[in-house]
Amino acid sequence: MGVVIELRNVTYSYPLADKPAIKDVSLKVEEGKFYGVIGKNGSGKTTLCSIIRGFAPSFFKGELEGEVLLYGKPMSEYDQGELALHMGYVFQNPFNQISGVKETVFEEVAFGLENFGVPVEEIEERVMDIMKLTKIDHLAEQHPFELSGGQQQRLALASILVLEPDIMVIDEPTSQLDPEGTESVFEIISQLKKARKTVILVEHKVDLIAEYADEIFVLNDGELIKSGDKHDVLTDVSLLDHGVQLPQMAVLGHRLRKRGLNLDYIPITEKEAKDVIGRLIYREAQ
Amino acid sequence: MWAEKLRIRKNNVIADLYPLTKLWIAALYALCVLILGTMKIDGYPVYMMAAFLVVPILALLSGIFKKFLNVYKGIFTLCLFILVVQALLIKSEEIVWGFKLFGNFTINVYKGGLQKGLDLSFNIMNIASILAWFFQTTENKELVYALEKKGMSPKASYVFLSTLQMIKVLQHNSRVIMNAQQARGVETEGNLFVRARAFLPSMVPLIMGSIANTEERVLTLESKGFSVKCKKTHIFDVVPSGNERTAMIIAVTITILVVVWRVLAWVL
Ligand SMILES: Nc1ncnc2c1ncn2[C@@H]1O[C@H](COP(=O)(O)OP(=O)(O)O)[C@@H](O)[C@H]1O
Ligand SMILES: [Mg+2]
């Protein structure tokens, strides 16, 4: 699989900041993979997303050392329009992502396509499809500001997905949502995975990351302290020292091992836990 | 199908005219009013005063009379106030009307003041009411997209439309915050001073919230290709109703007649 994004020794400081928000980070993002980004508050997750999307330094200014490559070409050589077509970006607060100039959900979703000058018939078709996918088609005629938080975040996702970007950067999409809203957003995110989009997702709910991600980046104080396959990362107890939570099942697995139970591996999802324990019981029974 | 659905159709021939045509009509009316205002009888702008009847009739014909009347009341009150103030305060030689209040304190209405007051108040009334007619028969987005088609920058449309929507949202938010303040025991009802004291702290979170969010808003627009330089599509379209030519011919003809009348009155 091809590398779509690469960071080489990237250090980035916001203007006037006394220390860098991202320090010497090198990473590769491969096509079609799903990446989870974790780390405690202020560890630089959002900043990393801004760098990957090209907002930092072009919008935020500040100083960037090292190289950021998109499809092998330096980020600075792309213009904003191209970037918008390659990469979708969904923010934390759904309310702020509503354009504020459209009176129906349908038009709100269509906004991006209008900006790119897509013909009306094609817009209608694509908007209808995306609204079905994100389950907001029944809200098409409602005013965007009248939706619930969960519905607004699905609208935010829809209005970016409709542009059909190859890469989606999603920053804590559920932090403002109740469990029900969270679930509805993750349903969409799982669709992205099925569609083999490249996804970079910042999410506090590590159990959900364990479920969906392929690989994980762990940030601490602006440094990439661990990255790689989700099983390797999410079972690493040393991360607990950096304020990173591990999935409940991984914690359970470690405890069971400590008690002397012979688990063949540390599970990170419920399904894996059932598997592991099932096999354990089977072995014991023999 | 959505393009059809979003189209704004009004079931009234005048209200349904293209926004820019209505804007032209309003501008020509304002021009006529100004011209008529220069023709005076005994120093009073009688013709211009008579013209004030035109807009209510236009509103009636446009099928918005009730809505119009609400705004008109406000305009009328304001103009009446201006008239009274001017008539009483601007002194001139001739007193039109004077009456004794008590002792030898008299209130005088001076001719010069009355003339100036009528001039100003009827000018304001005429122009404010034609604008009221225009905005009541035209939705904001119709006007904005019609202007954008004429070459106005999409950024200007955005600022205009989002500001109007934001005002609505802020009103809603401030009501929410006020209710919260009230629930915490802060007095939000009562006289002006009490209300101001409650209002100011309630504005702080509101304004801070709006400022803190602009960064995300800008980047979201960027993510949706707002600044891409290409011809934008508009699903929402403003289209002429077909009666624009007739309407313009009528409006221009009336304007020409007014001009001719003015010139004749001048020459003869
Ligand atoms: N726009 C900004 N300007 C200056 N400093 C910022 C800005 N955004 C974040 N920072 C700083 O950069 C560091 C990393 O923040 P952030 O990337 O938002 O972390 P996270 O998303 O993991 O919570 C923090 O120390 C934060 O204060
Ligand atoms: Mg963040």
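None of the values given here were measured: they were computed from a predicted structure. Labels below follow one simple rule: chain letters A, B, ... track the order of the sequence lines, proteins then strands, and each chain is numbered from 1.
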Using non-hydrogen atoms only, which part of A:Gln97 is less than 4.5 Å away from chain B: side chain, backbone, both, or neither? both

Under 4.5 Å to a heavy atom of chain B? For A:Phe95 that would be both

Where on A:Ile98 is there a heavy atom nearer than 4.5 Å to chain B: the side chain, the backbone, both, or neither? backbone

With a 4.5 angstrom heavy-atom cut-off, which part of A:Glu82 approaches chain B: side chain, backbone, both or neither? neither

Using non-hydrogen atoms and a 4.5 Å limit, figure out which bit of B:Lys5 sits close to chain A: side chain, backbone, both or neither. side chain

What I want to check is whether the side chains of A:Glu65 and A:Thr11 have a donor and an acceptor closer together than 3.5 Å.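 Absent: no donor and acceptor within the cut-off.
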
Would you give the length of the straight line joining atom CG of A:Leu139 to atom CD of A:Glu108, rounded to the nearest 0.5 angstrom?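 A:Leu139 atom CG to A:Glu108 atom CD measures 13.0 Å (nearest 0.5 Å).
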
Examine whether an atom of B:Val144 lies under 4.5 Å from a heavy atom of chain A, and if so say whether it belongs to the side chain, the backbone or both; otherwise answer neither. neither

Chain B contact via A:His143 - side chain, backbone, both or neither, heavy atoms under 4.5 Å: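 Contact with chain B involves the side chain of A:His143 alone.
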
Going by the angle between their ring planes, with limits at 30° and 60°, are B:Phe236 and B:Tyr145 parallel, tilted or perpendicular? tilted

Toward chain B, the part of A:Asn93 with a non-hydrogen atom under 4.5 Å: both

Is it the side chain or the backbone of A:Met87 that comes within 4.5 Å of chain B heavy atoms, both, or neither? neither

Checking A:Tyr89 against chain B: side chain, backbone, both or neither under 4.5 Å from a heavy atom?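 The answer is both parts of A:Tyr89.
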
B:Leu6, part contacting chain A, at a heavy-atom distance under 4.5 Å: side chain

